[in-house]
Colleague: 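Starting off with a structure, shown below.
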2 protein chains.
Amino acid sequence: MASFTVENYLKAIYSLSRSNETGVSTNALADHLGTKAATITDMLKKLNANGLVHYKKYQATTLTDKGIEIALNIVRKHRLWEVFLVEKLDFKWDEVHDMAEELEHIDSNELIDRLERFLDNPKFDPHGDPIPDKNGVIERRDQIQLTELKVGQKGYVTGVKDSSKEFLQYLDNQNIELGNELLVKDIFDYDKSRVLIIEGQETTFSQQVCKNLYVNIIE
Amino acid sequence: MASFTVENYLKAIYSLSRSNETGVSTNALADHLGTKAATITDMLKKLNANGLVHYKKYQATTLTDKGIEIALNIVRKHRLWEVFLVEKLDFKWDEVHDMAEELEHIDSNELIDRLERFLDNPKFDPHGDPIPDKNGVIERRDQIQLTELKVGQKGYVTGVKDSSKEFLQYLDNQNIELGNELLVKDIFDYDKSRVLIIEGQETTFSQQVCKNLYVNIIE
DNA sequence: ATATATTTTTAGGCTAATCTAAATTTATAT
DNA sequence: ATATAAATTTAGATTAGCCTAAAAATATAT
């Protein structure tokens with residue numbers, strides 16, 4: 001079985017691969033995992049030897065199929081536990097990340113399958129991220145960043161791109177939650193900030209905030 | 001914070017102390033934890049240095065107050081997670097031990113307090129063991145071993161002394177569960193086996209089985 | 001095209017938790 | 001009371017995962 005540490009490496013490589021199709025650099029991984037580049041090199045050699053990554057000296061690293069499978073299972077567990085914490089234990093969406101980081105390593109697929117059923121087979125976690133099924137299949141979603149909506153267009157909030165505590169708490173303060181309907185009333189050329197009507201309430205959001213909100217267009 | 005390993009040592013010392021008031025021996029710990037005596041000695045020195053155990057060379061070890069506090073918190077977490085697994089995820093009582101062994105190390109008291117409330121503040125785990133409250137207080141219970149009942153006395157099953165998979169599955173096969181009412185109809189002098197009426201059904205149990213069942217007397 | 005900067009790897013070490021084998025201490029039995 | 005057995009500790013190694021400092025490879029800028 002993959003150790004706690006190995007699971008975290010695979011998850012990190014998976015996660016960084018989302019934004020970088022060509023593969024992941026040693027330094028990017030070191031940053032992400034809070035370790036030093038030398039440590040990453042050591043581990044990549046081991047993961048490579050165990051058939052979990054494709055690694056060649058000085059080149060970007062990618063996951064093998066086996067590596068992807070393990071990473072997706074960790075992501076699945078992480079997101080299901082987050083749903084549990086929010087839906088059943090009433091935690092807020094900005095409070096669950098660290099606990100889920102631990103719970104994701106509990107080693108029982110039977111447990112996680114039963115948890116999934118107990119939670120009524122949720123398809124998305126509290127931040128709107130999709131939950132892989134037991135075969136690692138992720139439901140694809142046609143969500144876009146709020147910045148892509150033009151003036152006059154309507155949408156509803158489906159997720160957040162940045163799930164940092166700070167951003168989630170900012171959204172709480174603004175009373176924004178998943179499912180909220182909104183209309184883009186105006187975009188200021190100067191700083192690309194937007195005037196929005198969210199659930200009937202007029203609010204102004206910076207471009208940065210809008211980039212970090214995913215929406216579905218309402219035709 | 002105590003590491004996963006340290007937590008397991010403290011829990012083991014706590015657990016073995018239940019049956020041996022004077023303290024725990026190095027070999028007993030090695031057996032219980034599946035490691036070698038030399039390893040135990042090393043660790044006891046560290047735990048002693050950290051104020052978690054009272055350790056003197058060649059003498060039985062006991063937990064300090066701080067050690068007891070940590071051990072009880074682990075026990076609390078273990079038992080609450082077991083209740084969750086059985087009550088909410090429909091696992092059987094012989095299936096939950098290994099998962100709870102992992103879940104007990106999840107590091108959040110807030111999580112465990114919320115879990116407790118979610119489970120309606122259970123006082124006992126699925127094997128009848130008491131769940132320490134958040135201050136480490138355990139509800140004392142006047143349960144006795146079934147072997148202490150005399151012929152003609154009645155009781156109901158409150159717990160198991162041995163919670164091995166094997167014993168629990170044996171009980172399942174015999175349709176015995178916590179709460180069952182029973183009457184001691186006869187005790188055979190020869191092997192101390194008992195004829196019992198359990199929930200109206202006549203059954204014979206060996207002395208070993210009776211020793212491992214806790215009951216409350218019904219006057 | 002070459003010097004400089006950046007990234008990555010190598011080499012050598014550290015710590016926690018484990019092991020085996022040998023030495024020491026304590027317990028037991030005659 | 002002393003020999004023997006059992007339990008415990010010490011000494012010296014190992015492995016996983018991490019580190020720093022130096023070397024090597026790759027990328028960038030003039």
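The sequence lines fix the lettering, A, B, ..., with proteins before strands; numbering per chain opens at 1.
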Colleague: Name the closest nucleotide to the B:Met43 side chain, picking from D:dA11, C:dT18, D:dC18.
Modeller: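 It is C:dT18.
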Colleague: Quick one: which of C:dT18, D:dT9, D:dG17 gets closest to the side chain of B:Thr35?
Modeller: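 Given the options C:dT18, D:dT9, D:dG17, the side chain of B:Thr35 is closest to C:dT18.
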Colleague: Ring of B:Phe118, cation from B:Arg114 - is the NZ or CZ under 6.0 Å from the centre and inside 45° of the axis?
Modeller: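 Output no; distance or angle outside limits.
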Colleague: Can you measure A:Leu47 atom CG to D:dC18 atom C1' for me and round it to whole angstrom units?
Modeller: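 Atom CG in A:Leu47 sits about 15 Å away from atom C1' in D:dC18.
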Colleague: Atom CD1 of B:Ile40 to atom P of C:dA17: distance rounded to whole Å?
Modeller: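 Atom CD1 in B:Ile40 sits about 12 Å away from atom P in C:dA17.
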Colleague: Nearest to the side chain of A:Thr5, which nucleotide is it out of D:dG17, C:dA21, D:dC19?
Modeller: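 Nucleotide nearest to A:Thr5's side chain: D:dG17.
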Colleague: Taking NZ, NE, NH1 and NH2 as the nitrogens, is one of them in B:Lys134 or B:Glu116 under 4.0 Å from a carboxylate oxygen of the other?
Modeller: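 Between B:Glu116 and B:Lys134 there is no salt bridge, as every charged N stays at least 4.0 Å from the carboxylate O atoms.
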Colleague: Does B:Thr39 place a side-chain N or O at less than 4.0 Å from the phosphate oxygens OP1/OP2 of C:dC19?
Modeller: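 Yes, such a contact exists.
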Colleague: Find the distance A:Leu44:CG to D:dG17:P and express it as a whole number of Å.
Modeller: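 In whole Å, D:dG17 P lies 13 Å from A:Leu44 CG.
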Colleague: Could you check how far CG of B:Leu33 sits from P of C:dA17, rounded to whole Å?
Modeller: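 Rounded to whole Å, this separation is 12 Å.
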Colleague: Quiz question: by atom type and distance under 3.5 Å, do the side chains of A:Asn27 and A:Ser25 form a donor-acceptor pair?
Modeller: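 Absent: no donor and acceptor within the cut-off.
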Colleague: In whole Å, what is the span from the CG atom of B:Asp42 to the P atom of D:dT14?
Modeller: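 Result: 16 Å.
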Colleague: Taking only N and O in the side chain of A:Lys45, is any of them less than 4.0 Å away from OP1 or OP2 of C:dT10?
Modeller: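 So the side chain of A:Lys45 is within the cut-off, an N or O lying under 4.0 Å from OP1 or OP2 of C:dT10.
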Colleague: Could you please name the option among C:dT9, D:dC18, C:dT18 that lies closest to any side-chain atom of A:Tyr9?
Modeller: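 Looking only at side-chain atoms, A:Tyr9 lies closest to D:dC18.
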Colleague: In whole Å, I'd like the distance from the NZ atom of B:Lys56 to the P atom of C:dT24.
Modeller: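 Result: 23 Å.
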Colleague: Go through C:dT7, C:dC19, D:dA7 for me and flag the one nearest to the B:Asn27 side chain.
Modeller: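 Among the listed nucleotides, the one closest to the side chain of B:Asn27 is D:dA7.
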Colleague: Using only side-chain N and O atoms of B:Lys57, determine if any of them is under 4.0 Å from OP1 or OP2 of C:dT24.
Modeller: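 Checking B:Lys57 against C:dT24: no side-chain N or O falls below 4.0 Å of OP1 or OP2.
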Colleague: Which nucleotide sits closest to the side chain of B:Tyr58: C:dT18, D:dT8, C:dT9?
Modeller: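 Of all the options, the side chain of B:Tyr58 is nearest to D:dT8.
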Colleague: Which nucleotide, D:dC18, C:dA17, D:dT9, lies nearest any side-chain atom of B:Thr26?
Modeller: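 For B:Thr26, the side-chain atoms sit closest to D:dT9.
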Colleague: Using a 6.0 Å distance limit plus a 45 degree cone around the ring axis, check whether A:Arg141 lies over the aromatic ring of A:Tyr214.
Modeller: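 Not flagged: A:Arg141 not positioned over aromatic ring of A:Tyr214.
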Colleague: Should A:Lys165 and A:Asp172 count as an ion pair when the cut-off is N to O under 4.0 Å?
Modeller: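 A salt bridge is absent here (no side-chain N lies under 4.0 Å from a carboxylate O).
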Colleague: D:dA7 C1' sits how many Å from B:Lys36 NZ, rounded?
Modeller: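 The distance from NZ of B:Lys36 to C1' of D:dA7 comes to 15 Å, rounded to the nearest Å.
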Colleague: Looking only at side-chain atoms of B:Ser3, point me to the closest of C:dA17, D:dC19, D:dT9.
Modeller: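 Out of C:dA17, D:dC19, D:dT9, the nucleotide with an atom closest to B:Ser3's side chain is C:dA17.
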Colleague: CG of B:Asn121: more than 12 outside heavy atoms within 6.0 angstrom?
Modeller: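 Yes, the 6.0 Å shell around CG holds more than 12 heavy atoms from other groups.
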Colleague: Could you please name the option among D:dG17, C:dT20, D:dC19 that lies closest to any side-chain atom of A:Val6?
Modeller: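 Closest nucleotide to the A:Val6 side chain: D:dG17.
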Colleague: Between A:Thr41 and C:dT9, is there a contact of a side-chain N or O with OP1 or OP2 at under 4.0 Å?
Modeller: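 So the side chain of A:Thr41 is within the cut-off, an N or O lying under 4.0 Å from OP1 or OP2 of C:dT9.
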Colleague: Could you state the NZ-C1' distance from B:Lys46 to D:dT10, rounded to the nearest angstrom?
Modeller: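 B:Lys46 atom NZ is separated from D:dT10 atom C1' by 15 Å.
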